[in-house]
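Handing you this structure, nothing more for now.
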Amino acid sequence: MKTTLKIALQSKGRLFEDSMQLLKDCGIKVSKNSGKLVALSSNFPIEVLFLRDDDIPDYVADGVADTGIVGLNVVEEKQISVTTVEKLGFSKCRLSLAIPKANDYTNVSYFNGKRIATSYPVILQRFLKENNVKADIHEISGSVEIAPGIGLADSIFDIVSSGSTLVSNNLKEVEVVLKSEALLIANENLSIEKQQILQNLLFRIRAVMNARGNKYILLNVPTDNINAICAILPGMKSPTIMPLAKEGWCSLHSVINENDFWSVIGQLKELGAEGILVVPIEKMIL
Ligand code: PRT
Ligand code: ZN
């Protein structure tokens with residue numbers, strides 16, 4: 001029988017869309033039929049298991065799944081031995097301590113003797129121990145942010161993304177304990193065949209991820225200013241420069257990080273750049 005790599009994805013929730021989009025951008029076709037827990041790709045040797053995110057590290061560690069996509073926060077909390085293959089750059093969030101907005105805060109010793117509500121007792125306990133803080137941890141499974149308001153705790157330790165949930169519950173973030181994002185994890189004892197499929201998958205994932213933050217830029221520049229413009233446009237290797245029919249002008253092509261683009265656009269215009277086109281890149285193999 002042909003070997004397939006079993007990959008565990010969240011069946012619904014914050015990781016689902018981005019995980020499916022990543023496979024799609026990798027050219028891997030998978031269709032999730034409602035109710036079905038398993039889906040086979042039609043064009044890549046991969047089988048997708050759709051699970052709750054909390055179960056993914058255990059299933060990967062046990063070998064029920066070979067690999068999976070899950071938040072670093074869940075992997076750390078589970079304290080399970082799996083290999084982190086790649087950070088995937090989506091579902092970014094942080095695990096933070098937050099206290100009532102009106103309270104003064106100087107440092108972590110604030111939490112001595114306090115009751116902290118959380119769904120992440122393991123990560124919190126480790127942090128408190130490292131900082132010699134003795135607090136009372138109340139483990140609750142959801143709606144942690146309402147605990148101080150109903151008198152269940154003095155403070156919370158929870159996932160923060162935009163921070164608006166904290167604001168609407170009159171809380172303020174005082175310590176960032178862990179920065180999290182989605183990870184591709186794998187079982188530590190994959191067969192050679194499965195490792196090969198994982199490497200093929202990883203090659204595609206990296207090509208997609210390299211492309212995501214970058215844009216292809218084309219611009220017309222006065223020939224006299226080429227050196228100055230190249231100095232502020234660090235391309236993949238060196239930019240492509242082609243003469244234009246118009247005397248004294250060139251067309252310059254390069255790759256630029258999207259964030260860098262906005263910071264150099266003013267300088268490019270000052271140096272006489274015109275007709276600037278910024279185009280998305282689908283895959284980028286370095
Ligand atoms: O059903 P299942 O168990 O699979 O899903 P789940 O409900 O446990 O998880 P889900 O889908 O909510 O989140 C999956 C993963 O997404 C988490 O483990 C994190 O790694 C990541 N992630 C990223 C987040 C957030 N951003 C996030 N904002 N997980 C939760 N939140 C919640 C947070 O709990 C808080 O209530 O959103 C609120 C805060 O958001 P802001 O934007 O108001 O700060
Ligand atoms: Zn969950």
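Keep in mind the model is a prediction, meaning the values are calculated, not measured. Indexing begins at 1, ligand by ligand and atom by atom, following the structure's order.
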*Do me a favour and list the nearest non-hydrogen protein atom to atom 37 (O) of ligand 1 with residue, atom name and distance?*
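That would be Arg14 NH2, 3.2 Å.
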
*asked:* Check for me: within less than 2.8 Å of the Zn ion (ligand 2), which protein N/O/S atoms show up?
replied: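 The answer, once waters are left aside, is Asp53 OD1, Asp54 OD1.
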
*For atom 33 (C) of ligand 1, what is the nearest protein heavy atom, given as residue, atom name and distance?*
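Going by distance alone, atom 33 (C) of ligand 1 is nearest to Ile159 O, 3.5 Å.
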
*Look at atom 14 (C) of ligand 1 and say which protein heavy atom is nearest, naming residue and atom and giving the distance to 0.1 Å.*
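Atom 14 (C) of ligand 1 sits closest to the protein heavy atom Asp53 OD2, 3.5 Å.
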
*Looking at side-chain heavy atoms only, is the closest gap between Glu173 and Leu97 below 4.5 Å?*
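The answer is no, as the side chains (C-beta and beyond) never meet within the 4.5 Å cut-off.
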
*Any idea which protein heavy atom is nearest atom 7 (O) of ligand 1, and the distance to it?*
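Residue, atom and distance for the closest contact: Gln10 NE2, 5.0 Å.
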
*For ligand 1, is any non-hydrogen atom under 4.0 Å from Ser162's backbone (N, CA, C, O), its side chain (CB onward), both, or neither?*
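For Ser162, backbone and side-chain atoms both sit under 4.0 Å from ligand 1.
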
_Quick test: of every protein heavy atom, which one is nearest to atom 18 (O) of ligand 1, and how far off is it to 0.1 Å?_
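Here the closest protein heavy atom is Asn73 ND2, 2.9 Å.
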
*For Phe50, is the NZ or CZ atom of Lys36 found under 6.0 angstrom from the centre of its six-membered ring and inside 45 degrees of the ring axis?*
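Geometry flag: not set, cation outside 6.0 Å or 45°.
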
*Apply side chain to side chain contact (heavy atoms under 4.5 Å, CB included) to Val122 and list each qualifying residue two or more places apart in sequence or on a separate chain.*
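For Val122 the side chain to side chain contact (heavy atoms under 4.5 Å, CB included) partners, ignoring immediate neighbours, are Glu77, Gln79.
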
*asked:* Within ligand 1, which atoms have a heavy atom of Gly13 less than 4.0 Å away?
replied: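 The atoms of ligand 1 under 4.0 Å from a heavy atom of Gly13 are 11 (O).
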
*asked:* Hydrogens and angles aside, do Glu175 and Tyr105 bring a side-chain donor and acceptor to less than 3.5 Å of each other?
replied: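 Indeed, the side chains of Glu175 and Tyr105 share at least one donor-acceptor pair under 3.5 Å.
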
*Among Cys93, Gly71, Ser141, closest by any non-hydrogen atom to atom 23 (C) of ligand 1*: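 Residue with the shortest heavy-atom distance to the ligand atom: Cys93.
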
*Check: Ser41/Asn43 side-chain N/O donor and acceptor closer than 3.5 Å*: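 Note: Ser41 and Asn43 side chains meet the donor-acceptor criterion.
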
*atom 1 (O) of ligand 1 - nearest protein heavy atom and its distance*: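 The answer is Arg52 NE, 3.7 Å.
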
*Tell me, which protein residue and heavy-atom name are nearest atom 38 (C) of ligand 1, and how many Å apart are they?*
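The closest one turns out to be Thr165 OG1, 3.6 Å.
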
*asked:* Looking at Phe90, I'd like to know if the NZ or CZ of Lys92 sits under 6.0 Å from its six-membered ring centre while staying within 45 degrees of the ring's axis.
replied: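 Cation-pi check for Lys92 and Phe90: fails.
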
*Identify the closest protein heavy atom to atom 28 (N) of ligand 1: which residue and atom is it, and at what distance?*
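Here the nearest protein heavy atom works out to Ser161 CB, 3.4 Å.
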
*Would you say ligand 1 has an N or O under 3.5 Å from any N or O of Ser91?*
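Min N/O separation from ligand 1 is not below 3.5 Å for Ser91.
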
*Would you check the N or O atoms of Leu166, main chain and side chain alike, for any that come under 3.5 Å of an N or O of ligand 1?*
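For ligand 1, there is no N or O atom that lies under 3.5 Å from one belonging to Leu166.
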
*Can you list the atoms of ligand 1 that are under 4.0 Å from a heavy atom of Gly163?*
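Heavy-atom distances to Gly163 below 4.0 Å select 41 (P), 42 (O), 44 (O).
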
